[in-house]
Amino acid sequence: MAPRTALVPDPHGPGGRLQPLDDAGSPLGPPETVPDLAAAVAAREAAGSDRLPGPRWVWAAADSAYAPLLPRLPDRLARCHDLRLVEALLLAHEGRFGAPRSLGAAWSRLRGLPVPDDLPEPGSAESDDGQDTLFAPDRLQLPPGADPLAAVVAVHAEQQRRLAAIPDPAARHRLRLLVAAESAGALVAAEMTHDGLPWRTDIHDRLLTELLGPRPTVPGTQPKVLAELAVELQQALGGRPFNPDSHSQVLRAFADRGIQLGSTRSWELKGVDHPAAQLLVRYKELSRIHAAHGWAWQDAWARGGRFRPEYVVGGVVSGRWASRGGGALQIPRILRRAVVADPGWLLVVADAAQLEPRVLAALSQDAGLARTAAGGDLYEALAASAFHGDRDKAKLGLLGAMYGQTSGDIGPLLNTLRHRYPAAMGYVEAAARTGEDGGVVASRLGRVCPPASAAFLDLTEAPETAGEAGGRTARARGRFTRNFVIQASAADWALVLLAALRRRLNALPATVPADRPHLVFFQHDEVVVHTPANLADEVAAAVAEAADEARLLVFGDTPVRFPLTTAVVDCYADAK
DNA sequence: TCCTCTTGCGCC
DNA sequence: AAAGGGCGCAAGAGGA
């Protein structure tokens, strides 16, 4: 069994091409053309199942290679190497952040040819969005006539060479772990889109009706409750008609009654002593649900009892995932009522408790902070040791330190933290200084942040005249790098947890693969597994084991613990 | 009419 | 005086 196998689907049919590789990426045999790629892949995957894993599948990108294969595979694949994701990690690590990362771009760099830009993502502003661009082979950006399989093999070998060339063994080991975890993320993302999050449209519908009134029969008309609120609002402000969705009209309507608002933000309105302000807050809450997750959303995204967003692995520079379509990572809490396990199934919902401060403790090896993060409620322990038991102060101070907050009454809290936890505070402050000086920082596993020029340097402004604005920009950059080291290292941990959990779930017994527990949601520090009811306890145990495995792999020998809050429920809304 | 920018708010 | 990091999405404003 070859340790790796390059895989290229035939864009126009069920077939494809394969080539066995060793771990360095050298071919172990000739390319092979197969008429049924799914069958050929499944056979090779199964051949390894007795103790030995199947090959690590090497492909250009999961959305073009794995997603189309998934419906035709009898079972999930164990491991992959996703060239596009790994290229992005390596480019950033090598100080070439933002260079095109498609297979064609990587191959062209290798051959010294002009490098094509990456195509805009489907659904983004720049793409003219033909329906089937997603799986089209030209997204690989290979020059005409280039052999895709040869390109996959060559780019993979080059990536393996670049990884092996990292001089520091520990850094090399960590980046290889990140490469494996990021690739596993690509598998999870494709599978979660394929499986979908269980979504009861009947419950969703009932919630919407309770909040907004019945679904309008004429599309585009406002639901009853919103229309009524708009009228009440108008009357409360003197009766002249205005559009509550228009910021400028709202500001004018309030101004006409002698109320000067700085903005129409809810938190500001909540402090305004006038009935119209409270009506507007309510209007905005309901109007948002209607616009963002109402009936139109349901029609577009939640058909057939499943919500199937597209996840974008590594879509955030910190390594957090992003999503495309349906606001997958912003489902309002109230609508989680509609996420219900199938009959005979349950949801195992687990989220990491106070992940980011724990990550800071582990990163900085601050002995005192590590003691507060050795168990239970971190903020409680922090409060007991440094804030006279005031948990709110402890939390506010620590969050402020991680985000770079300077406002409010936070100064004394930061001073206390600086005095009691010098290593932890020194760690974030060093990251902030690096950013202010225009440098880059990296996560624990080696995900490197973008350089200052990308988002923070205003080129229209000469440095010598920048003055005030330049200082503001530098401080903003400092807050970004200060937070990056923590957010990105937390994302490292979560990604490794995800990979470890997926491996454990796939090892659970199931008479048919469709009856196996599977991930249905992942949101930064939280996972949801849909499982046959009889396996729920094993799934809960698997999540705990995966979290501890992630701790060990990412942070090694640390006293810091990363406890999970785990709930086994019918309905997502009951988890917290 | 189309497009980009801004605002505001949902989630972590 | 300025004032907490990261996103996606929808609507309005306003220019082309």
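Chain letters run A, B, ... following the sequence lines, proteins first and then strands; every chain starts at 1.
- Taking the ring centroids of A:Y572 and A:W199, they lie at or beyond the 6.0 Å cut-off.
- No option in A:V348, A:L197, A:L501 other than A:L501 meets the side chain to side chain contact (heavy atoms under 4.5 Å, CB included) test with A:L519.
- Within the 4.0 Å cut-off from OP1 or OP2 of C:dA2, not a single side-chain nitrogen or oxygen of A:S407 is found.
- In the set C:dG6, B:dC12, C:dA13, C:dA13 carries the atom at the smallest distance from any side-chain atom of A:S248.
- Residue A:D202 qualifies as enclosed at atom CG: its count of foreign heavy atoms under 6.0 Å is above 12.
- For A:Q487 against C:dG6, a side-chain-to-base donor-acceptor contact under 3.5 Å is absent.
- Under 4.0 Å is where a charged nitrogen must lie from a carboxylate oxygen, and between A:D195 and A:R306 no such pair does.
- Proximity of the aromatic rings of A:H204 and A:W297 is defined here by a centroid distance below 6.0 angstrom, and this criterion is met.
- Nearer the 5' end of DNA chain C, as judged by each residue's closest nucleotide, is the contact made by A:R475, out of A:N483 and A:R475.
- Rounded to whole Å, atom P of C:dC9 lies 18 Å from atom CD1 of A:I289.
- Comparing C:dG12, B:dC12, C:dG4 by their nearest atom to the side chain of A:N243 picks out C:dG12.
- Rounded to a whole Å, the CZ atom of A:R479 is 9 Å from the C1' atom of C:dA2.
- Listed candidates were C:dG4, C:dA13, B:dC11. Nearest to the side chain of A:R336 is B:dC11.
- Remark: A:R551 engages A:D548 in a salt bridge, criterion side-chain N to carboxylate O under 4.0 Å.
- Side-chain nitrogen and oxygen atoms of A:K284 include none within less than 4.0 Å of the OP1 or OP2 phosphate oxygen of B:dG8.
- Rounded to a whole Å, the CZ atom of A:F484 is 14 Å from the C1' atom of C:dC7.
- Across C:dG12, B:dC12, B:dG8, the shortest atom-to-atom separation from the side chain of A:S263 is found for B:dG8.
- Each end of the helix from B:dT1-C:dA16 to B:dC12-C:dG5 gets its own rotation axis from five pairs of C1' atoms, and the angle between them is 10° to the nearest 10 degrees.
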TODO: Walk me through it: do A:L398 and A:L378 pass the test side chain to side chain contact (heavy atoms under 4.5 Å, CB included)?
DONE: CA-CA 10 Å; A:L398 200 49; A:L378 182 148; 3.7 Å; yes

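- Among the protein residues, A:G315 comes within range of no part of the nucleic acid, since none of its heavy atoms lies under 4.0 Å from any strand.
- In the set C:dC7, B:dC9, B:dC12, the nucleotide with an atom closest to the side chain of A:V317 is C:dC7.
- Listed pair A:S266 / B:dC9 meets the phosphate criterion, a side-chain N or O lying under 4.0 Å from OP1 or OP2.
- Checked against C:dG12, B:dC11, C:dA3, the side chain of A:Q523 finds its nearest nucleotide in B:dC11.
- At the heavy-atom level, A:I331 lies under 4.0 Å from the strands shown only through sugar-phosphate atoms.
- A straight line from NE2 of A:H290 to P of B:dG10 spans 16 Å, rounded to a whole angstrom.
- Look at A:S246 and you'll find a side-chain N or O under 4.0 angstrom from OP1 or OP2 of C:dA13.
- Within 4.0 Å (heavy atoms only), A:R482 reaches no atom of the nucleic acid at all.
- Side-chain nitrogen and oxygen atoms of A:R320 include none within less than 4.0 Å of the OP1 or OP2 phosphate oxygen of C:dC7.
- Among the atoms of the strands shown, only primed sugar atoms or phosphate atoms (P, OP1, OP2) are found under 4.0 Å from some heavy atom of A:G327.
- Screening A:R320, A:R84, A:E182 for a side chain to side chain contact (heavy atoms under 4.5 Å, CB included) involving A:V313 leaves a single residue, A:E182.
- Straight-line distance between the P atoms of B:dT7 and C:dA3: roughly 15 Å, to the nearest whole Å.
- Each of B:dC9, C:dC7, C:dG5 was ranked by its minimum atom distance to the side chain of A:R288; first place goes to B:dC9.
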